Every structure is written in structure tokens, then in C-alpha cells.
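This one's a predicted model, so the numbers in the text were calculated from it and none came from an experiment. Both ligands and their constituent atoms are indexed starting at 1 by order of listing. Throughout, numbering of the chain's residues begins at 1 and tracks the sequence.
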Amino acid sequence: MLTHFLSLLLGVLTILVLIQAQDQSGFISIDCGLPENSSYAETSTGINYISDENFIDTGVSNKIPPPLGNIILQQLEHVRSFPSGVRNCYRIDVTNGTKYLIRASFFYGNYDNLNEPPEFDIHFGPNAWDTVKFTNLSRVVMSEIIYTPSLEYIQPCLVNTGKGTPFISVIELRTLNNEAYVTYSTKSVLSNFFRYDLGSITNLRYRYKDDVYDRLWFPFKWDEMRNLSSNEDILTQNIYKPPGIVMSTAITPFNVSAPIQFSWSSDDVNDQYYFYLYFNEVEKLAESETRAFNIIANGKLLYGPEIPAYQRVHTILSTAALTGAGRYIFTLSKTDNSTLPPILNAMEVYKLIDFSLSETQKDDVDAITSIKKNYGVAKNWEGDPCGPVKYMWEGLNCSIDDGLNPPRITSLNLSSSGLTGQIVSSISKLTMLQYLDLSNNSLNGSLPDFLQQLQFLKVLNVKNNNLTGLVPSGLLERSKTGSLSLSVDVELKSSP
Ligand SMILES: *[C@@H]1O[C@H](CO)[C@@H](O)[C@H](O)[C@H]1NC(C)=O
Ligand SMILES: *[C@@H]1O[C@H](CO)[C@@H](O)[C@H](O)[C@H]1NC(C)=O
Ligand SMILES: *[C@@H]1O[C@H](CO)[C@@H](O)[C@H](O)[C@H]1NC(C)=O
Ligand SMILES: *[C@@H]1O[C@H](CO)[C@@H](O)[C@H](O)[C@H]1NC(C)=O
Ligand SMILES: *[C@@H]1O[C@H](CO)[C@@H](O)[C@H](O)[C@H]1NC(C)=O
Ligand SMILES: *[C@@H]1O[C@H](CO)[C@@H](O)[C@H](O)[C@H]1NC(C)=O
Ligand SMILES: *[C@@H]1O[C@H](CO)[C@@H](O)[C@H](O)[C@H]1NC(C)=O
Ligand SMILES: *[C@@H]1O[C@H](CO)[C@@H](O)[C@H](O)[C@H]1NC(C)=O
Ligand SMILES: *[C@@H]1O[C@H](CO)[C@@H](O)[C@H](O)[C@H]1NC(C)=O
Ligand SMILES: *[C@@H]1O[C@H](CO)[C@@H](O)[C@H](O)[C@H]1NC(C)=O
Ligand SMILES: *[C@@H]1O[C@H](CO)[C@@H](O)[C@H](O)[C@H]1NC(C)=O
């Protein structure tokens, strides 16, 4: 399920702000399809967007035609589409061990003049991230996760599932506080389900610069509730740093004894949810007044009593995932002796998505990437080499991801692949190789000694090339004892 549907016009309604040198450290803002080397500061936020050219080798740049193209947010004007290849991937350098909010946005805008938006999948390295669907042509579809990379790069991929050409508009990364949004599950990540600003009197969507983490807070209209607001600044923040403007408003029931109640339904009872409820007392209470309430989910007390403090942000969050129900009903109801009804300023709910597949072992990725570059391999070599199995790189085979050890490349078959030049040393860095087939290419030079380092090699085929010189003695020996099946051209074997 995709998270937010943001109205096209919101961007136009956003108040213009002065662009100054602002702290965007930890931001990577990529406008997909923007011409190479271009960049700009978007006028409503001042965010610096750059072209995606340096992050991807495939796909084509397209522009949303007028009149739509003239009125949308600048970062939506271009898209990169992927008419060829099943899986196409970006590679974006990140700081590993740092928590990121990662958001992909898709705005169709009939860029291809087909009037038919596609449906496709997005992956994150070896893991499935989301399915992108469009229910309304003039809406922006977004998908957002909170993820701590273990490698120094991430690979968001677009996957063609046979329902039209995948495309993408924007990729945004923002570093978060590592102590915020903690889950108690190592093999899954938080995917934003909804994020609302309650009691908004402007009806605007807020993001950077109001939000230092550039989360998108959507106004939620709640008919049975009264809007409360304050002009006072927040004095005490917490690590979640919700925007002051979002925390300066809240909803409260008209009926003093009524609760605040909201719910969502879950497609699968095994789905796991994490919630974050934000409180800030926006009214200066009189001596005789008290506001205290309990927070109950599906009949179970989660927290209480919550007594919001004036100008001080308090966040109530999951200490464990909510799971096991088809519907989650939250009730905020005042305690018996509270004189005032409950309030709620903002809320976020995330769903856990399974990211249990490991990326291919790093040294193997580095080696195979270097091999790809060296020979200009023209195959579907995009994204993680081994995972998911369905999209494993053509010509490779890998050890199975057992959940403990990352997959390793065990077989490399580049026979009949038009390789020229010498056998490159990166091949010897694929230390778990059992099968190496380089037959029927135009490789020249010698059969290098470094191939002897491949201690698990069972099959080596370099027939039908232009190799010269001696077969390294270690390989010859292993072939004699029968541990290696060696296929070389006669010329090579019989060299003096
Ligand atoms: C982009 O910048 C690079 C490096 O400065 C340069 O080699 C390349 O020609 C530029 N491309 C365009 C389209 O200007
Ligand atoms: C980042 O990756 C490097 C190389 O893979 C590793 O040595 C280092 O421990 C990682 N750092 C963190 C914080 O995960
Ligand atoms: C699509 O969204 C726009 C703007 O929110 C709305 O005006 C329009 O009626 C919607 N169209 C459909 C077919 O739902
Ligand atoms: C709360 O404010 C919003 C935005 O100004 C408005 O649409 C809504 O009607 C207000 N709610 C009530 C109950 O007044
Ligand atoms: C106010 O809420 C209470 C508790 O939900 C309910 O019993 C009562 O009927 C409500 N009063 C009005 C006037 O709606
Ligand atoms: C009101 O309730 C709170 C907790 O529910 C309790 O600590 C407090 O003593 C109560 N106050 C009165 C006046 O009953
Ligand atoms: C690929 O490797 C797996 C074990 O990792 C093995 O079961 C499978 O048969 C191999 N496939 C091919 C085509 O060699
Ligand atoms: C490599 O692939 C070719 C077909 O492309 C196949 O004939 C050959 O047996 C493969 N080599 C190995 C070692 O599996
Ligand atoms: C060798 O490769 C060429 C193309 O590079 C191909 O046409 C030919 O069929 C291949 N021969 C064998 C025996 O695989
Ligand atoms: C090997 O092949 C490369 C590329 O085809 C060529 O530039 C080079 O001269 C060749 N070297 C030898 C020793 O034939
Ligand atoms: C090997 O090299 C010779 C010339 O040195 C050339 O004529 C021939 O085409 C080459 N063969 C391959 C398979 O590249």
C-alpha cells in the first residue's frame, strides 16, 4: 500500500519563503530525469535538487507536457522512465549506520501521452519495497521508509511487472536521529502509513523548513472535533522534533466527556504497526482546570494518564509492534477527574515491511561491479547481483541467503559475451567461485596466476579465446588430481 496522496495543488498553495543558505546537511534530493549536471533550489522549500544522472546508467529523461507541466512543483516536472530492462536501479552513496528517511515520489502527468499510468514494483536492493499504482492521474504517489543502511550505498530499483513502463519523479534522503523511530525487529523497516497534522487552521501541508527532517505533515479535517491553536512557541522539544507549527494546533472533542477516537484497518492480521502520537498543551489552563486522559488501543491501556504540558512536546510511541487485529481502534478518553477533554496534535503510523533478504557480500559486489565496468558487460546487470533470486544477474549463481551469511557469488559464466582484453584480477576477488566460464570471447594475454587463488574452483573454461603463455602450475596440478575441470585451448596448454 502506498502512503500519501498529495493533491497536485498543494504545491502551488505553499507559501513562498525566502531562499537563504539553509542547513540541508544530511539531505540528498534527486530530481529524476532532470538534465545532466543541472540543479536548482525549489522555491517553496529552498531544497536543492540535483539531476539523477550520476546515480544511474539507464532510463530516459522525460518532461511533463504543459499545461500540467507548468503548474506542478519543480521537482515533479521531469521523470526518468525505463522502457528497457526488467529491473533498473539507482545507486546512491550514503553513510552506513546512519538512520535515513527515504522517500520516492511518482507523478505521471501523462508524460508519455498514453493517458494510461503504469503499475510497477519498487525494490530496495534485494528486498521488495512497494507496488506503485495510480488511482488518479493528477495525484502524486509516494512511498517512504525509515532505514539504516549497512552498506555505504543504497540501491532503489524500478521493476517492470508487465503493466507498463516504470518511471520515477523524485528520490529524497534525510538523515534522522538514530535514537528516533526504533523498531524491535532487525530484519524489517518502518514504512509510513499516514502522518497527520491535527487541528490545522491553515489547511496547508508542512515539510522542510518547518520540519528539520522534511517529513510531510498532511492536514486532517475532523468534523466532530474542535480546533485548538496557540501562537506561542514550543519551549521543549524532543528527538522526534515535530514542527512547531504542527504542534501549535490540536483537536479536541466538542463534547467534554467524549473521547477522541480513530482507527484503521489492516489487510492482514499479521501486519505490524508502530505509532507515534504527539501532544503539546496549547491552552494555558486555569488553576481549576486539568487535562488528563488515557490512551487505549483495542480496549487495552497503552499509556495513561497523559497530561500534556504547556509548550512542551511529548511523544507517545509503541514499545512493541501492534499486531494480530484486522482493525486498530485508538481511544483517548479523559480520566474521571479531568475537567477538560483529551487533545491530539499530530500522529504518525508506520507499517513494518520485511527487509530480511541480505545484500550480496560486499567484496563480491565490488569485484563483480569492477568486472562489469572493465568489460562493459551488456546484460541485465542492475541492482543487487544475487537478490532477489528472480532477478539474479544473468550468468551468475549464488549461495542461498540463509539469514545468517550474506549471499556469495559461486558461479560466473561470461561465455560468448564479447569480452576483449585481458582476464582482469577482480575475478580472483570472487573468492567463493566454483564455476568460471569465460569461453568463446576475444580475451588475450596470459592465463593469469591469480586464478590460482580461487581455492573452491571446480570448473574453469577459457576455451576459444586468444590467450597465450603457460597455464599456471597450480591450476594444472589441480586438474591432474581431478579437483578442477580445466578447459583451455590446445595452443595454450602446449606452450613451452
Ligand atoms: C557534466 O559535467 C561533467 C563533469 O564536469 C562533464 O564531463 C560533462 O560533459 C557535463 N555534461 C553536460 C551535459 O554538460
Ligand atoms: C560501514 O561499512 C564499513 C565497510 O563495509 C564497515 O567496516 C563499517 O563497520 C560500517 N560502519 C557502520 C557504522 O556500520
Ligand atoms: C483526481 O484528483 C483531483 C484533485 O484531487 C480531483 O479534482 C479529481 O476529481 C480526481 N479525479 C478522479 C477521477 O478521481
Ligand atoms: C478546523 O479548521 C479547519 C481548517 O481551517 C476547518 O476546515 C474546520 O472546519 C475547522 N473545524 C471546526 C470544527 O471548526
Ligand atoms: C457526550 O459524550 C458522552 C460520552 O461519549 C455521551 O454519553 C453523551 O451523550 C454526549 N453528549 C452529547 C450532548 O452528545
Ligand atoms: C486525579 O487522577 C489522578 C490519576 O488518575 C490522580 O493522581 C489524582 O490524585 C486525582 N486527583 C483527584 C483530585 O482525585
Ligand atoms: C545455483 O546454486 C544453487 C545453490 O546455491 C543450486 O542449487 C543451483 O542448482 C544452481 N543453479 C545453477 C543453474 O547452477
Ligand atoms: C555457461 O553458459 C553456457 C550457455 O550460455 C552454457 O553452455 C555453459 O554450460 C555454461 N557454463 C557453465 C560452467 O555452467
Ligand atoms: C561464440 O560467440 C559468438 C558470438 O560472440 C556466437 O555467435 C557463437 O555461437 C558462439 N559459439 C559457441 C560455440 O557458443
Ligand atoms: C588484447 O586486446 C586488446 C583489445 O582488444 C588490444 O587492445 C590489445 O592490443 C591486445 N593485446 C595483445 C597482446 O594482443
Ligand atoms: C585472435 O587474434 C588473431 C590475431 O592475432 C585474430 O586474427 C583473431 O581474430 C583473434 N581471435 C579472436 C577469437 O579474437
**Asked** Looking at Asp52 and Arg80, does any basic side-chain N land under 4.0 Å from a carboxylate oxygen?
**Response** yes

**Asked** Below 4.0 angstrom, N of the basic side chain to O of the carboxylate: do Arg207 and Asp211 qualify?
**Response** no

For each nitrogen or oxygen atom of ligand 10, which protein N/O atoms lie closer than 3.5 Å, and how far apart are they, rounded to 0.1 Å?
from: ligand 10; atom 1: 2 (O); to: Asn444; atom 2: ND2; distance (Å): 2.3
from: ligand 10; atom 1: 11 (N); to: Asn444; atom 2: ND2; distance (Å): 2.7
from: ligand 10; atom 1: 14 (O); to: Asn444; atom 2: ND2; distance (Å): 3.2

**Asked** Which of the atoms in ligand 1, numbered in the order shown and given with their element, are less than 4.0 Å from a heavy-atom of Asn37?
**Response** 1 (C), 2 (O), 3 (C), 8 (C), 10 (C), 11 (N), 12 (C), 14 (O)

**Request:** Answer whether the closest heavy-atom distance between the side chains of Leu451 and Leu436 falls below 4.5 Å.
**Result:** yes

**Prompt:** With distance as the sole criterion, is a donor-acceptor pair present between the side chains of Ser143 and Asp130 under 3.5 Å?
**Reply:**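 Their side chains do contain a donor-acceptor pair, which is all the 3.5 Å distance test asks for.
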
**Asked** What residues form a ring-ring contact (aromatic ring centres under 6.0 Å, His included) with Tyr350, not counting sequence neighbours?
**Response** Tyr181, Tyr276

**Asked** Does the ring center of Phe275 lie less than 6.0 Å from the ring center of Phe193?
**Response** no

**Request:** Return yes when atom CG of Asp233 has more than 12 non-hydrogen atoms of other residues, nucleotides or ligands closer than 6.0 Å, and no otherwise.
**Result:** no

**Complete:** Near Ser416 (heavy-atom distance under 4.0 Å), the atoms of ligand 9 are 1 (C), 2 (O), 10 (C), 14 (O)

